[in-house]
Amino acid sequence: MKVLVPVKRVVDFNVKVRVKSDGTGVELANVKMSMNPFDEIAVEEALRLKEAGKATEVVVVSIGPAQASETIRTGLAMGADRGILVKAEGHVEPLAVAKLLKAVAEAEKPGLIILGKQAIDDDSNQTGQMLAALLGWPQATFASKLEVEGSDFKVTREVDGGLQTVKLKGPAIVTTDLRLNEPRYASLPNIMKAKKKPIDDKNASDYGVDLTPHLEVLKTAEPAGRKAGVKVKDVAELVSKLKTEAGVL
Amino acid sequence: MTTLLIAEHDNASIKDATNKALTAAAALGADVHVLVAGENAKAAADAAARLSGVKKVLLADNAAYAHDLAEPLAALIVSLASSYDAFVAPATSRFKNVMPRVAALLDVMQVSEIIKVVSSDTFERPIYAGNAIQTVKSKDAKKVITVRTSTFAATGEGGSAPVENAAAAADPGLSSFLGEEVAKSDRPELTSAKIIVSGGRAMQSRENFAKYIEPLADKLGAGVGASRAAVDAGYAPNDWQVGQTGKVVAPELYVAIGISGAIQHLAGMKDSKVIVAINKDEDAPIFQVADYGLVADLYQAVPELTEALGKLGK
């Protein structure tokens, strides 16, 4: 079974983003970019399937600017076999990403597509579900455990009330949650080896997908700030303030 | 112009998330119908019919909708699409799962987790863990929207809408339900709790959650939350996680205990009305958003607080 892992290049999770003063977006110049953390978990899970003999090949695909090839290299350094870069400039919405991934999936014919449940930049939480819809495949989002059963999958999902376990008929889409695994760090030899692994260069226009945004971003603003309050000296003062000043007790 | 609100419910009753999403749905300005999809869900449909302003309730009562499987539920919503201009659902795990599938089948770009309805096609939504707020205008003829319920007031009762049966859509049969582990608790649910007591990595163990956090929560009649670090470490179950990728809450009082205040945690609780932080590190970022900060060893301060509240008759 081939596993396809879509990955996104996003602002590194440690960076505190700043809204541009003219309200046109957030400052991305000279900001550290990394692989979306949930996608790292997806790459790790695919590699574990391969190491367990359940998967034969792990293919990492990214849609984005030329620099997204660095994100693909990160996946290759972790141990993926090869990459596909679909070049697209500007903001590509989850729906368009799903359409491009559908075209890639139809060419690659994976048994499983595993990707992050959401990207930490636009926090949309849509791409996996949309891709499943377009392919007519089953989906298991927010996975905390994945088992392969022949061509099918048994997936435990993190839901509001606890955990849910479902069975999917393969081929299927799984999106990762935090507790699925802890991604490995790429070793230096593997980083060197990854430089020789192939990345197939494509253009979004090769697939005839319309990338025109459906959502027009009118403005990006700072959230309403919250000021630090006061420090209290002990529990008695805390209780007193909560009771008389805040009125929440 | 009609809006279809898809209800969060447990077959017997309507969840508070539905009341809040209804407020957002009504703000679109069109009539609102409510879809209740479940199994033996007549009582939930009747409850939806009593919500103020609801014009009609559709009840799709079928075993296919018993377990939140995305494929049949998405097929059902899409089968109703021709009658509606907007599809609104609370951003609970059920609808985070289902609504993007609906959107893609309708060739619509979903607007996720809106925090404000500016007009019938323009919405505010947080990005980058709430560090920026985007105003977006949807150009799609039909809208698919999920609602961050913590920012909308709940719509109350006062209606008496008719309940009609909706035919089940063909089940794609792609997935099946195997089981669930749902924590049974008498405590309020996190997303509707008036008070939340949360613990972080400093709790050091599951036992300490039970010994320090839970008695305080019970004294306050509060829900129990946890930081991602505490959940990752196995000190608390996943459904307690508050943050960017867990639950987003806005209670009257949020008590953060042994939580440093990582950006992704603040994203899940900074809209709380009053925030209390107890942490022994006086430089912890949580103090920058806390209304009342207590720099103290939680293992002393929390039992003291629990006891002091007991004396107050809590």
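To find a chain, count down the sequence lines: A is the first, B the second, and so on, and within it residues start at 1. Computed from a predicted structure; not experimentally measured.
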_A/K233 (side chain) donor-acceptor with B/L294 (main chain) under 3.5 angstrom_ = no
Can you measure from [atom1] ([X]) to [atom2] ([Y]) and round to the nearest 0.5 angstrom?
{"X": "B/L174", "Y": "A/W137", "atom1": "CG", "atom2": "CH2", "answer": "11.5 Å"}
{"X": "B/E189", "Y": "A/D160", "atom1": "CD", "atom2": "CG", "answer": "8.0 Å"}
{"X": "A/L215", "Y": "B/Q134", "atom1": "CG", "atom2": "CD", "answer": "8.5 Å"}
{"X": "A/Q126", "Y": "B/K96", "atom1": "CD", "atom2": "NZ", "answer": "12.0 Å"}
{"X": "B/T245", "Y": "A/D177", "atom1": "OG1", "atom2": "CG", "answer": "6.0 Å"}
{"X": "B/E71", "Y": "A/Q139", "atom1": "CD", "atom2": "CD", "answer": "5.5 Å"}

Under 4.5 Å from any heavy atom of chain B, what part of [X] do you find: side chain, backbone, both or neither?
{"X": "A/D234", "answer": "backbone"}
{"X": "A/V230", "answer": "both"}
{"X": "A/V11", "answer": "side chain"}
{"X": "A/R157", "answer": "side chain"}
{"X": "A/K241", "answer": "both"}
{"X": "A/F153", "answer": "neither"}
{"X": "A/V19", "answer": "side chain"}
{"X": "A/V239", "answer": "side chain"}
{"X": "A/L238", "answer": "side chain"}
{"X": "A/A221", "answer": "both"}

Looking at [options], which has the largest count of heavy-atom pairs under 4.5 Å with chain B?
{"options": "A/G229, A/P138, A/P213", "value": "A/P138"}
{"options": "A/K219, A/K169, A/E222", "value": "A/K219"}
{"options": "A/E216, A/R18, A/E182, A/E93", "value": "A/E216"}
{"options": "A/N14, A/V10, A/L131, A/V26", "value": "A/V26"}
{"options": "A/T156, A/L242, A/V217, A/L168", "value": "A/V217"}
{"options": "A/T165, A/T141, A/D152", "value": "A/T165"}

*Restricting to pairs with a member in residues 281-305 of chain B, which pass salt bridge (charged side-chain N to carboxylate O under 4.0 Å, His left out), not counting sequence neighbours?*
A/R226-B/D291
*Picking from B/D68, B/L178, B/L69, what satisfies side chain to side chain contact (heavy atoms under 4.5 Å, CB included) with A/V166?*
B/L69
*Please confirm whether A/K231 makes a cation-pi placement over B/F287, using NZ or CZ under 6.0 Å from the six-membered ring centre and within 45° of the ring normal.*
yes
_Residues of residues 113-124 of chain A with any heavy atom under 4.5 Å of a heavy atom in chain B_ = A/K117, A/Q118, A/I120, A/D121, A/D122, A/D123, A/S124
*Measure across B/V274 and A/A246 and return the closest heavy-atom pair with its distance rounded to 0.1 Å.*
CG2-CB, 4.1 Å
*asked:* Does any backbone or side-chain atom of B/A290 lie under 4.5 Å from a heavy atom of chain A? Answer side chain, backbone, both or neither.
replied: backbone
*Check step by step if salt bridge (Lys or Arg N to Asp or Glu O under 4.0 Å) holds for A/K99 and B/D107.*
CA-CA 10 Å; A/K99 288 176 181 177; B/D107 196 25; 2.7 Å; yes
*Taking the side chain as C-beta and beyond, is there a heavy-atom pair between A/K243 and B/L312 under 4.5 Å?*
yes
